[in-house]
Amino acid sequence: MENGKKKRRILIVFGTRPEVIKLAPVIEEFRKRPKTFSIATCFTAQHRQMCEPLLRFFSIPCTHDLNVMIEKQSLMDIATRTMRRLDAVLERDKVDMIVVQGDTASAFAAALTAFYRRIPVAHVEAGLRTHNIWNPYPEEMNRQLISRIAQLHFAPTQRASQALTEEGVAEKSVFVTGNTVIDALYLTLTKLRSGAKKPSARACGSRRLILVTAHRRENFGAGIDEICAALLDLVRRNKNVEIILPVHPNPAVRKPIERALSSQPRITLSPPLEYMDLVAIMKRCSIVLTDSGGLQEEAPALGLPVVVMRDETERPEIVEAGGAILAGPHRNRIVREVERILDSNELYNRMARVRNPFGDGRAAKRIVRITDTWFRSTDSRDMRILRKKIEFHV
Ligand code: UD1
Ligand code: UDP
């Protein structure tokens, strides 16, 4: 207790690479208020190898490690192992709120476990929707279900906020904060500028560097094969193009990519890159070609055109603004769109100049301030006033 005020214990749960990146600024911000909050973290370890360097990079201590990851894990493995082990943690560690991020199996399982124990859930990156429960699978259903459970919804954009209220989520519990990935990116750019790592010049010789990532379940099989065929077409048809592809460790992704693209000229396959290296590469490259959610948000913040290798996106803001093009996981469309951007300075510059709609680097500050007010306020008017004062607008 401080000045008669109860200190709130907040448990922040994460399991995968994007969750660590997107929650790192939130954890840092909560830790700046030790008189108000007592912070515990819970790493489900859905991704063990990909997260450990990130935990070190962002100096995130793990209060609890659920150690759920197993080779070729099923969704059922992740969900049931997370729920059982988190429930045991909650038996020992009495928390006032659980914070989850996004739409992974870890996030959904944690939200449901919290609900069973009547612990309020705050959802970071709430309201992203394709409205197609099979695409992305299982993420669209995970995030819709988290929205049914959560008491506080941190929507990155106005559109996400609207999606929630249209589903009947109480307006007073939804706040537009911007996406915390932009906070993480800015933090990392500052570290890069301070000389922790030397970024190379933007061009790699006279070549155009394309950063590629792929890992979505909907693209397993035919989609990955089409993507690999497109990359081979691109380097064969464009002698000035060079590709770097950090390969996701999921065997369903790694094996077909290595089979198709190992030892191909001007295609570099690498293990997953540490975040700072990835950001340094983004600063050097010309185009991002991806099915990742996070990269669709980061690339526009760095003035990079994005070709999205998915048929649908829950981030239509950037497509509508003209900074990204949906090509699906389709060989000919991918090649056509990338070449169109590379061949037209006018199109390239137009895409590169689009204003980033996803955040201003202050999302985590808003989230922590809103959470503080939420605990202290018995009057929904306070929350309305706060919303007017601090929401993110493009
Ligand atoms: C998960 C998320 C997805 C998110 C993605 C980010 C779910 C259902 N999916 O998908 O929403 O976009 O993470 O990357 O939550 N592996 C390792 N080491 C690691 C990480 C993964 O070896 O550090 C391998 C394991 O064999 C594991 C497999 O990758 O079984 C798949 O991991 P999993 O978390 O199930 O699925 P992702 O495709 O990574
Ligand atoms: N990322 C990284 N190293 C890599 C590839 C991606 O650090 O080799 C970062 C990327 O910058 C973004 C996040 O990982 O912030 C995205 O994670 P991923 O694509 O695995 O998941 P998604 O965003 O699709 O859920």
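Here the structure is a predicted model, which is why all the values come from computation and not from measurement. All ligand and atom numbering here is 1-based and tracks the order in the structure.
- For the residue pair Ser161/Arg387, the side-chain donor-acceptor check at 3.5 Å is not satisfied.
- In this structure, a donor-acceptor pair under 3.5 Å is absent between the side chains of Glu140 and Asn132.
- Taking the ring axis of Phe57 as reference, the NZ or CZ atom of Lys191 stays within 45° of it and closer than 6.0 Å to the ring centre.
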Output block, N or O contacts of ligand 2, threshold 3.5 Å exclusive:
{"from": "ligand 2", "atom 1": "3 (N)", "to": "Leu273", "atom 2": "O", "distance (Å)": "2.8"}
{"from": "ligand 2", "atom 1": "8 (O)", "to": "Leu273", "atom 2": "N", "distance (Å)": "2.8"}
{"from": "ligand 2", "atom 1": "11 (O)", "to": "Glu298", "atom 2": "OE1", "distance (Å)": "2.7"}
{"from": "ligand 2", "atom 1": "11 (O)", "to": "Glu298", "atom 2": "OE2", "distance (Å)": "3.3"}
{"from": "ligand 2", "atom 1": "14 (O)", "to": "Arg17", "atom 2": "NE", "distance (Å)": "3.3"}
{"from": "ligand 2", "atom 1": "15 (O)", "to": "Glu298", "atom 2": "OE1", "distance (Å)": "3.3"}
{"from": "ligand 2", "atom 1": "15 (O)", "to": "Glu298", "atom 2": "OE2", "distance (Å)": "2.6"}
{"from": "ligand 2", "atom 1": "19 (O)", "to": "Ser292", "atom 2": "OG", "distance (Å)": "2.8"}
{"from": "ligand 2", "atom 1": "20 (O)", "to": "Arg17", "atom 2": "NE", "distance (Å)": "3.1"}
{"from": "ligand 2", "atom 1": "20 (O)", "to": "Arg17", "atom 2": "NH2", "distance (Å)": "2.9"}
{"from": "ligand 2", "atom 1": "23 (O)", "to": "Ser292", "atom 2": "OG", "distance (Å)": "3.4"}
{"from": "ligand 2", "atom 1": "23 (O)", "to": "Gly293", "atom 2": "N", "distance (Å)": "3.3"}
{"from": "ligand 2", "atom 1": "23 (O)", "to": "Gly294", "atom 2": "N", "distance (Å)": "2.7"}
{"from": "ligand 2", "atom 1": "24 (O)", "to": "His215", "atom 2": "NE2", "distance (Å)": "3.4"}
{"from": "ligand 2", "atom 1": "24 (O)", "to": "Arg216", "atom 2": "NH1", "distance (Å)": "3.1"}
{"from": "ligand 2", "atom 1": "24 (O)", "to": "Ser292", "atom 2": "OG", "distance (Å)": "3.4"}
{"from": "ligand 2", "atom 1": "24 (O)", "to": "Gly293", "atom 2": "N", "distance (Å)": "2.8"}

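- Salt bridge Glu139/Arg216: present, at least one basic N to carboxylate O contact under 4.0 Å.
- Checked for salt-bridge contact, Glu125 and Arg315 meet the test: a charged N lies under 4.0 Å from a carboxylate O.
- A salt bridge is defined here as a Lys NZ or Arg NE, NH1 or NH2 lying under 4.0 Å from an Asp or Glu carboxylate O, and Arg117 with Glu91 meets this definition.
- Side-chain polar atoms of Ser106 and Gln46 form a donor-acceptor pair below 3.5 angstrom.
- Between Arg129 and Glu166 there is no salt bridge, since no side-chain N of the basic residue sits under 4.0 Å from a carboxylate O of the acidic one.
- Near ligand 1, residues Thr16, Pro18, Gln46, His47, Arg48, Gln49, Met50, Met69, Ile70, Glu71, Lys72, Gln73, Leu75, Ile78, Thr104, Ala105, Pro138, Glu139, His215, Arg216, Arg217, His248, Pro249, Asn250, Pro251 each place a heavy atom inside the 4.0 Å sphere around the ligand atoms.
- For Glu28 and Arg31, the salt-bridge test fails: no basic side-chain N is under 4.0 Å from an acidic carboxylate O.
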